[in-house]
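The analysis underlying the following values was restricted to heavy atoms, covering all of them including side chains, and did not include hydrogens, waters or symmetry mates.
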Amino acid sequence: MAAPGGFTRRAAIGAGLAGAASTMAPRALGAAPAEPRRFDLAVPSGRAVTVTEWRPARAPRGTILFFHGAGSAPQYYPDMVGAWVRAGHRVLAPLHVDSREHPRTAEFTGLASWEARIADMRALVAHLGAEPYVAAGHSYGALAALALGGAEPILPAGLAGPIVPRRARAVIAFSPPAPVPVLITEQGYAALQVPALIQTGTLDIVPGMGAGGPDGWRGHLAPFTAATPGGNRYALVLTGVNHYFGGAICDFRQPGPPQREGLAAACTISALFLAAHGDGRGEARRRLDRMVGDRPGLQLLHK
């Protein structure tokens, strides 16, 4: 997303949300979860959506729908997925058409990828039937996750809402986009209806994604600042962390070194939030709330 007055439909997706993602290198920077399985779902257009599924060793506590950042793919988030699987959750993650690893990515330029993502989200929620779920995502995928929690993005022309027939129990949003006219407004973020954890870092400044300058990272907190108080929304700010955790998530070819300490904190707190507001465990919620405030390397806010 460009600076105010500099938005275009093409730039908002191609330059901003893609976050200048580069060709992926097939290497893992963290402990990956158990070997996943993959299966396909069909959207109304007939397009197949490949879904990666990770399962815990025992019966899952619940299900997380995870949406990757633009240009990325599910396998480029091993630490996050691993933390959630070790916490006892099944994770389902679709490969979206904007991924550089998708065979049809050239067919979905600009906002066509947003319409395709909505179709993927609907197919995944329909696949669950009546099963409750938590929505999670990074960057472009964080916008999708927040939409499943009640936030109201701008829908492509000809597409009617709601995005899905039933909301997520809770949302985990890593570095969601700042308000951008073609996708989401501050008022759209204010419509968030469920508990949420919104994360950013003090180096989370990507050209084309919100305002520039040393405080440009604050735009990623828009879903937290706009949300109505009293709904168990948390903001996690990690000191010295950028959009890619130094290349430890999303795009492994980003300049390092990997910001491992910040990533470990993000994974730990997201798993605690998941237990508190996804599973509804009272002790986990009390532990999470005791962490609110400033600690070395991080700040956790609650409203």
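- A donor-acceptor pair is defined here as one N or O able to donate and one able to accept, closer than 3.5 Å; such a pair exists between the side chain of Ser270 and the backbone of Ala266.
- Hydrophobic clustering keeps Tyr244 apart from Leu203 (ILVMFWY residues linked when any side-chain heavy atoms are closer than 4.5 Å, directly or through intermediates).
- In this structure, Arg55 and Pro60 have side chains that are in contact, with non-hydrogen atoms separated by less than 4.5 Å.
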Please report the C-alpha distance between Gln187 and Tyr189 in whole Å, then the side-chain angles of each, then the deciding distance to 0.1 Å, and finally whether the side-chain contact (heavy atoms from CB on, under 4.5 Å) criterion is met.
CA-CA 5 Å; Gln187 292 74 24; Tyr189 274 140; over 6 Å; no

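- Between Thr50 and Arg38, the side chains place no donor N or O within less than 3.5 Å of an acceptor N or O (distance only, hydrogens not considered).
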After noting the C-alpha distance and the side-chain angles of His127 and Arg122, does the key distance pass the side-chain contact (heavy atoms from CB on, under 4.5 Å) rule?
CA-CA 8 Å; His127 173 72; Arg122 288 174 167 173; over 6 Å; no

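- At least one donor-acceptor pair under 3.5 Å links the side chain of Arg169 to the backbone N or O of Gly278.
- Smallest separation of non-hydrogen atoms from Pro181 and Ile154: O-CD1, 2.6 Å.
- Side-chain contact check for Leu111 versus Leu183: some heavy-atom pair is nearer than 4.5 Å.
- Tyr133 and His89 have their aromatic ring centers separated by at least 6.0 angstrom.
- A cation-pi contact links Arg117 to Tyr140, judged by a cut-off of 6.0 Å to the six-membered ring centre and 45° from its axis.
- Side-chain contact check for Thr63 and Glu131: at least one donor-acceptor pair (N or O, by modelled atom type) lies under 3.5 Å.
- Asp251 and His243 are not linked by any side-chain donor-acceptor pair at a separation below 3.5 angstrom, with hydrogens and angles left out of the test.
- Within the model, atoms CE of Met291 and CG of Leu272 stand 7.0 Å from one another, a figure rounded to the nearest 0.5 Å.
- Note that CH2 of Trp54 and CD of Glu35 are 9.5 Å apart. Values are rounded to the nearest 0.5 Å.
- Leu95 and Phe67 fall into different hydrophobic clusters, defined by Ile, Leu, Val, Met, Phe, Trp and Tyr side-chain heavy atoms under 4.5 Å apart, directly or through other members.
- Put simply, the residue from Glu101, His68, His138 that forms a side-chain hydrogen bond (donor to acceptor under 3.5 Å, both in side chains) with Tyr76 is Glu101.
- No more than 12 heavy atoms of other residues, nucleotides or ligands shown are found within 6.0 angstrom of CZ on Arg58.
- Counting heavy atoms of neighbouring residues, nucleotides and ligands inside a 6.0 Å radius, atom CZ of Arg166 exceeds 12 of them.
- In this structure a side-chain-to-backbone donor-acceptor pair under 3.5 Å is present from His102 to Arg104.
- The minimum heavy-atom distance between Val194 and Ala170, with the atom names listed, is CG2-CA, 3.9 Å.
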Show, in sequence, the C-alpha distance, side-chain angles and deciding distance for Ile64 and Arg90, and conclude whether the side-chain contact (heavy atoms from CB on, under 4.5 Å) test is met.
CA-CA 6 Å; Ile64 299 172; Arg90 175 176 68 144; over 6 Å; no

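- Distance check, rounded to the nearest 0.5 Å: OG1 of Thr239 to CZ of Arg295 gives 13.5 Å.
- A distance-only check finds a donor-acceptor pair linking the side chain of Thr268 to the backbone of Ala264 [under 3.5 Å].
- In this structure, His220 and Ile198 approach most closely via the heavy-atom pair O-CG2, 3.5 Å.
- Thr105 contributes a side-chain N or O that, together with a main-chain N or O of Val97, makes up a donor-acceptor pair within less than 3.5 Å.
- Of the inter-residue distances, the one linking Ser113 atom OG with Phe108 atom CZ reads 9.5 Å to the nearest 0.5 angstrom.
- Heavy-atom minimum distance, Ile163 versus Pro153: CD1-CG, 3.5 Å.
- The two residues Ala83 and Cys267 make their nearest non-hydrogen contact at CB-CB, 3.9 Å.
- For the side-chain contact (heavy atoms from CB on, under 4.5 Å) test with Leu65, the passing option among Leu128, Val91, Val134, Val51 is Leu128; the others fail.
- Between Leu143 and Pro176, the closest side-chain pair of non-hydrogen atoms is not below 4.5 Å.
- In this structure, CG on Leu263 lies 4.5 Å from CG on Asp79, to the nearest 0.5 angstrom.
- Inspection of the Tyr234 and Asp289 side chains reveals an N or O donor paired with an N or O acceptor under 3.5 Å.
- Counting heavy atoms from C-beta outward, Leu236 and Leu197 have side chains that approach closer than 4.5 Å.
- Side chain of Ser99 to backbone of Ser72: a donor-acceptor contact under 3.5 angstrom is found.
- Using a 4.5 Å cut-off on side-chain heavy atoms (C-beta onward), Arg47 and Asp120 make contact.
- The side-chain contact (heavy atoms from CB on, under 4.5 Å) with Tyr77 is formed by just one residue from the set Trp84, Phe66, Phe245; it is Phe66.
- Between Arg233 and Leu301 there is no side-chain heavy-atom pair separated by less than 4.5 Å.
- Scanning both residues, Leu192 and Gly149, for their nearest heavy atoms gives CD1-O, 3.5 Å.
- Applying the 6.0 Å contact sphere to CD of Glu261 captures no more than 12 heavy atoms from other residues, nucleotides or ligands.
- If you run side-chain contact (heavy atoms from CB on, under 4.5 Å) between Thr202 and each of Leu298, Asp215, Val237, only Val237 comes through.
- Looking at Arg286 and Arg281, their side chains never come closer than 4.5 Å, going by heavy atoms from C-beta outward.
- With hydrogens and angles disregarded, no donor-acceptor distance shorter than 3.5 Å links the side chain of Lys303 to the backbone of Gly231.
- One finds the CD atom of Gln299 at 11.5 Å from the OG1 atom of Thr200 (value rounded to the nearest 0.5 Å).
- Residues Asp40 and Val49 form no side-chain contact, since every pair of their non-hydrogen atoms from C-beta on lies 4.5 Å or further apart.
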